[in-house]
Amino acid sequence: MTYQGLIHTYGHFLDLPIHSRTVSLLEGRTPLIRADNLSRHLGGGFELFIKYEGLNPTGSFKDRGMTAAVSEALGRGATTVICASTGNTAASAAAYAARAGMKSIVLIPQGKVAAGKLAGAIAYGAQVIQIDGSFDDALTMVVEITNKHPICLVNSINPYRIEGQKTAAFEIVDELGSAPDWLCLPVGNAGNITSYWAGFKQYSGLKSALLPRMLGVQAAGAAPLVLGHAVENPETVATAIRIGKPARGEQAMQAAEESQGRIIAVSDERILEMQKLLAKLEGIWVEPASATGLAGLAAEIESGKRRPEALEGLKVEGQKVVAVCTGHGLKDSEIITRDMQKPSVVPPRLDALEEVILGN
Ligand code: F0G
């Protein structure tokens with residue numbers, strides 16, 4: 001049977017009101033790719049899989065939650081959706097609103113959104129508004145305006161976003177036949193870690209044997225959950241997770257605690273290094289934020305080896321690890337091209353080409 005999208009496939013597991021009218025771009029069903037080269041590079045002895053969420057219709061995992069949120073909004077007669085965004089939510093909201101015949105308004109932090117995301121939001125017809133402030137300021141503003149006006153909020157504060165995003169956990173369990181031992185993923189506003197944990201718990205029917213441990217990873221310059229307090233001026237190269245006051249921070253902490261996992265932070269340097277490593281070793285190019293979960297995994301494995309007697313660090317031998325790669329590298333190509341060496345230019349002659357390739 002042809003694939004008909006997430007609500008069609010998993011709707012019976014999602015708590016969506018009956019008034020919902022499905023709006024879908026056939027999101028989901030993203031590949032779970034074995035990453036043996038990277039696993040070996042990290043010391044080997046464990047199975048590593050990449051859940052490649054950048055292959056959703058608008059290039060990020062946000063489409064899972066957006067099909068649910070926009071379907072609910074359309075079904076109850078809403079005509080306009082709004083969100084604050086570091087870029088991916090904006091593009092996704094704009095696309096699903098377009099498909100539903102609704103208007104979309106997106107608030108983004110000025111100058112801090114990758115070009116591919118901004119272009120997406122514009123292409124899908126959103127009204128794009130830059131805020132001279134952070135994502136956190138923009139989120140406060142959209143909450144305020146939706147309390148006052150009949151505009152539907154589609155940030156992950158919206159419970160249907162969480163419902164839709166649970167489907168990624170369902171897909172992983174369906175494909176592996178059980179939950180992995182560890183799930184590592186980036187944490188920004190903390191909707192995704194909340195969704196995965198809810199999804200795993202629901203799908204496993206609360207059998208603890210089937211639950212993964214969650215490794216949530218923040219960027220060191222935007223790590224409120226690691227520091228234990230809000231960060232006023234978050235800063236990181238991973239602009240998607242440049243967030244200082246995560247809306248679902250408490251739930252993220254709870255997911256880490258209940259799963260006997262943890263939330264850690266990694267430097268921008270490590271994030272960019274992992275982004276390149278994943279592309280070079282596996283042919284999977286993701287945006288910087290999306291390499292953050294794997295960067296955290298690498299850091300934990302290293303510290304486990306350095307101090308094997310300590311409880312810190314991660315012992316992955318013999319385990320199954322799934323790393324969620326949330327968005328496509330094409331969204332933020334500038335991060336690669338800005339420091340790249342320009343490709344060499346040769347005249348259109350065979351001898352010149354030979355000289356460059358063979359060096360003679
Ligand atoms: N990875 C990417 C590529 C993201 O765009 C985001 C969030 C995250 C990870 C973190 O997910 O917020 O659920 O913890 N991006 C939001 C946005 C904030 O506006 O697109 P989270």
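Indexing begins at 1, ligand by ligand and atom by atom, following the structure's order.
A salt bridge links E258 and K201; the closest N-O separation between the charged side-chain nitrogens and carboxylate oxygens is under 4.0 Å. A salt bridge links E235 with K112; the closest basic N to acidic carboxylate O contact falls under 4.0 Å. Of the charged side-chain nitrogens involved, none lies within less than 4.0 Å of a carboxylate oxygen, so that K276 and E273 do not count as a salt-bridged pair. With respect to the salt-bridge test (charged N to carboxylate O, under 4.0 angstrom), the residues E171 and R64 qualify. Under a 4.0 Å N-O distance rule, the pair E302/R270 qualifies as a salt bridge.
Judged by distance alone, with hydrogens and angles left aside, the side-chain atoms of T292 form no donor-acceptor pair with the main-chain N or O of I271 at under 3.5 Å. In terms of modelled atom types and a separation under 3.5 Å, the side chain of Y96 and the main chain of A68 share no donor-acceptor contact. Judged purely by atom type and a 3.5 angstrom limit, K331 has no side-chain atom pairing as donor or acceptor with the backbone of N88. Between the T236 side chain and the A219 main chain, no donor and acceptor come within less than 3.5 Å of each other.
Polar contact check, T86 against ligand 1: a nitrogen or oxygen pair lies under 3.5 Å apart. Taking distance alone, with nitrogen or oxygen atoms compared against 3.5 Å, G188 approaches ligand 1 more closely than that limit. For a threshold of 3.5 Å applied to N or O pairs, the pair formed by G191 and ligand 1 contains at least one separation below that value. Residue contacts with ligand 1: T89 is placed with a nitrogen or oxygen under 3.5 Å of a nitrogen or oxygen of the ligand (distance criterion only).
Of all protein heavy atoms, the one lying nearest to atom 11 (O) of ligand 1 is F61 CZ, 3.5 Å. Shortest contact from atom 12 (O) of ligand 1 to any protein heavy atom: N189 N, 2.7 Å. Distance from atom 5 (O) of ligand 1 to its nearest protein heavy atom, with residue and atom name: N88 ND2, 2.8 Å. Nearest protein heavy-atom contact of atom 7 (C) of ligand 1 is K62 NZ, 2.9 Å. Atom 2 (C) of ligand 1 has its closest protein heavy atom at T326 OG1, 3.3 Å.
Remark: ligand 1 atoms within the under-4.0 Å shell around heavy atoms of S290 are 3 (C). Every atom of ligand 1 is numbered from 1 in the order shown, and the set under 4.0 Å from a heavy atom of N192 is 13 (O), 21 (P). If you number the atoms of ligand 1 from 1 as listed, the ones under 4.0 Å from a heavy atom of V187 come out as 14 (O). Short contacts between ligand 1 and S85, defined as distances under 4.0 Å to a heavy atom of the residue, involve ligand atoms 17 (C), 19 (O), 20 (O).
By the criterion of a heavy-atom distance under 4.0 Å, both the backbone and the side chain of A240 are placed next to ligand 1. Of all the heavy atoms of I241, the ones lying under 4.0 Å from any atom of ligand 1 belong exclusively to the side chain. Here K117 has no heavy atoms under 4.0 Å from ligand 1, in either its backbone or its side chain. When heavy-atom distances to ligand 1 are checked against a 4.0 Å cut-off, I243 comes that close only through its side chain, counted from C-beta outward. Of all the heavy atoms of R248, none lies under 4.0 Å from any atom of ligand 1, so neither backbone nor side chain is involved.
Note: Y10 and Y203 have perpendicular aromatic rings, judged against thresholds of 30 and 60 degrees for the angle between ring planes.
Proximity of P186 to ligand 1 is established by a heavy-atom distance of less than 4.0 Å. Contact analysis leaves S156 out of contact with ligand 1, as no non-hydrogen atom separation drops below 4.0 angstrom.
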Chi angles and distances behind the side chain to side chain contact (heavy atoms under 4.5 Å, CB included) call for T326, V286: CA-CA 8 Å; T326 45; V286 302; over 6 Å; no
Stepwise side-chain hydrogen bond (donor to acceptor under 3.5 Å, both in side chains) test for T194 and R161: CA-CA 11 Å; T194 299; R161 282 277 311 277; over 6 Å; no
